[in-house]
Colleague: 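Dropping a structure here in structure tokens format, bear with me for questions.
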Amino acid sequence: TEGIRQDAQKASNVEAGKEFISEMRKNYGLLRDVPATLQNMDRAKQLALSDAKRFMGPLGESKLEIAKFFRNNVPGMENFQTPAVTGAEEIRSAMFNQVMDNLKKMDAQPSQYQQKVMQDAFGKLGTDPAALPAMLDVFGDILRTRVDIHNQTVSSAEARGTTFPYDVKVKLPAKGGGIEFNGYRFPSQEALDKYKKAAGL
């Protein structure tokens, strides 16, 4: 009976291993495009800061510019539509919900703090030229955390002898250094200078 029990345990372990490898493959499929997404977000942040005046002024006037920017430059926002309503709150809510939907698809759950920071950034759209880059920073941090958890799980499994048929780790680009100012991170001094000029600082 001991031999039967050991055989059953071995078979159970093999099955569990197959399920785990399958889950890691699925995670890899969800996350493999994150590096390209992060690079696109960095470009979008620089564009938003260098052309900040397009997004300034009353939200009613700038909402079309913001919607176009989202569709053309922010990964996962290609289908974003400007709500028919003109109320600022509805516009912000639609943008926030679109971002949350994209994160849900990647099984990336933002913390309460991260959700608050994003909501605050959306609340400043139309008045603060750094609001959109700030929102993209949080979006990027959530994606990085999701990838880090996946990579740590894969490393732990490999250390215990699990062999994957191909590399299922996701290689992230280095997080840009940049310059801190007023609670925001700018990719360069030039971007910071443009922000100050647009914000009248």
Side-chain angles (χ1 to χ4, degrees), residues 23-24 26-52 55 66-67 69-80 91-156 167-192 194-195 198-199:
E23 184 185 338
M24 290 302 100
K26 183 182 169 191
N27 280 346
Y28 177 76
L30 288 172
L31 302 172
R32 68 184 166 198
D33 293 332
V34 167
T37 297
L38 291 170
Q39 286 173 337
N40 287 337
M41 281 183 179
D42 280 342
R43 279 196 290 274
K45 282 190 293 186
Q46 290 180 37
L47 280 172
L49 288 166
S50 66
D51 202 8
F55 311 110
I66 292 169
F69 184 85
F70 262 60
R71 278 198 300 270
N72 297 333
N73 299 292
V74 181
M77 299 292 278
E78 296 83 7
N79 298 321
F80 177 73
I91 297 161
R92 291 173 191 141
S93 177
M95 290 181 183
F96 180 74
N97 288 338
Q98 178 81 28
V99 169
M100 292 300 287
D101 283 347
N102 288 333
L103 291 173
K104 196 181 290 183
K105 284 175 194 166
M106 302 182 86
D107 196 23
Q109 295 298 319
S111 67
Q112 290 295 318
Y113 172 73
Q114 287 171 324
Q115 288 187 48
K116 184 181 182 312
V117 171
M118 278 199 289
Q119 283 174 325
D120 288 349
F122 279 120
K124 293 174 185 170
L125 287 172
T127 60
D128 187 344
L132 187 54
M135 184 277 298
L136 290 172
D137 275 338
V138 179
F139 198 168
D141 284 344
I142 294 165
L143 294 181
R144 282 179 179 277
T145 300
R146 177 70 180 85
V147 169
D148 285 342
I149 291 168
H150 167 78
N151 286 345
Q152 285 166 18
T153 304
V154 171
S155 292
S156 175
D167 188 3
V168 291
K169 285 184 183 172
V170 178
K171 294 169 182 64
L172 292 174
K175 195 169 182 179
I179 302 163
E180 283 275 350
F181 177 78
N182 230 13
Y184 299 119
R185 183 168 290 281
F186 297 87
S188 65
Q189 184 62 48
E190 183 186 4
L192 173 56
K194 284 178 179 173
Y195 163 70

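In this chain, numbering begins with 1 at the start of the sequence shown.
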Colleague: Rounded to the nearest 0.5 Å, what separates atom CG in Asp33 from atom CG in Leu143?
Modeller: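 Reported value, rounded in 0.5 Å steps: 11.0 Å.
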Colleague: Looking at CD of Gln115 and CD of Gln109, how far apart are the two atoms once the value is rounded to the nearest 0.5 Å?
Modeller: 8.0 Å
Colleague: Taking the side chain as every heavy atom from C-beta outward, state whether Phe139 and Asn102 have any atom pair closer than 4.5 Å.
Modeller: yes
Colleague: Could you tell me whether the side chain of Met118 reaches within less than 4.5 Å of the side chain of Ile142, counting heavy atoms only?
Modeller: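 With C-beta onward as the side chain, the pair touches.
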Colleague: Measure the OG1-CD distance between Thr153 and Glu23 for me, rounded to the nearest 0.5 Å.
Modeller: 8.5 Å
Colleague: From Met24 CE over to Asn151 CG, what is the distance, rounded to the nearest 0.5 angstrom?
Modeller: 10.5 Å
Colleague: Taking Ser111's backbone N and O only, do any of them form a donor-acceptor pair with Gln114's side chain (distance below 3.5 Å, no angle check)?
Modeller: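 Yes: the side chain of Gln114 pairs with the backbone of Ser111.
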Colleague: Report the C-alpha separation of Asp167 and Tyr28 in whole Å, then their side-chain angles, then the decisive distance to 0.1 Å, and conclude whether the side chain to side chain contact (heavy atoms under 4.5 Å, CB included) test is met.
Modeller: CA-CA 9 Å; Asp167 188 3; Tyr28 177 76; over 6 Å; no
Colleague: Should Asp148 and Leu172 count as side-chain neighbours, where that means a heavy-atom distance under 4.5 Å?
Modeller: yes
Colleague: Does the pair Asp101/Lys105 count as a salt bridge with the N-to-O cut at 4.0 Å?
Modeller: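 A salt bridge is absent here (no side-chain N lies under 4.0 Å from a carboxylate O).
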Colleague: Step by step, would you call Val34 with Met106 a side chain to side chain contact (heavy atoms under 4.5 Å, CB included)?
Modeller: CA-CA 10 Å; Val34 167; Met106 302 182 86; 3.3 Å; yes
Colleague: Give a yes or no on whether the backbone of Leu31 and the side-chain of Arg146 come within a donor-acceptor separation of less than 3.5 Å.
Modeller: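 No; judged by distance alone, with no hydrogens or angles, the pair does not exist.
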Colleague: Donor-acceptor pair, His150 side chain versus Thr145 backbone, under 3.5 Å?
Modeller: no
Colleague: Side-chain contact, heavy-atom cut-off 4.5 Å: Pro110 with Leu103?
Modeller: yes
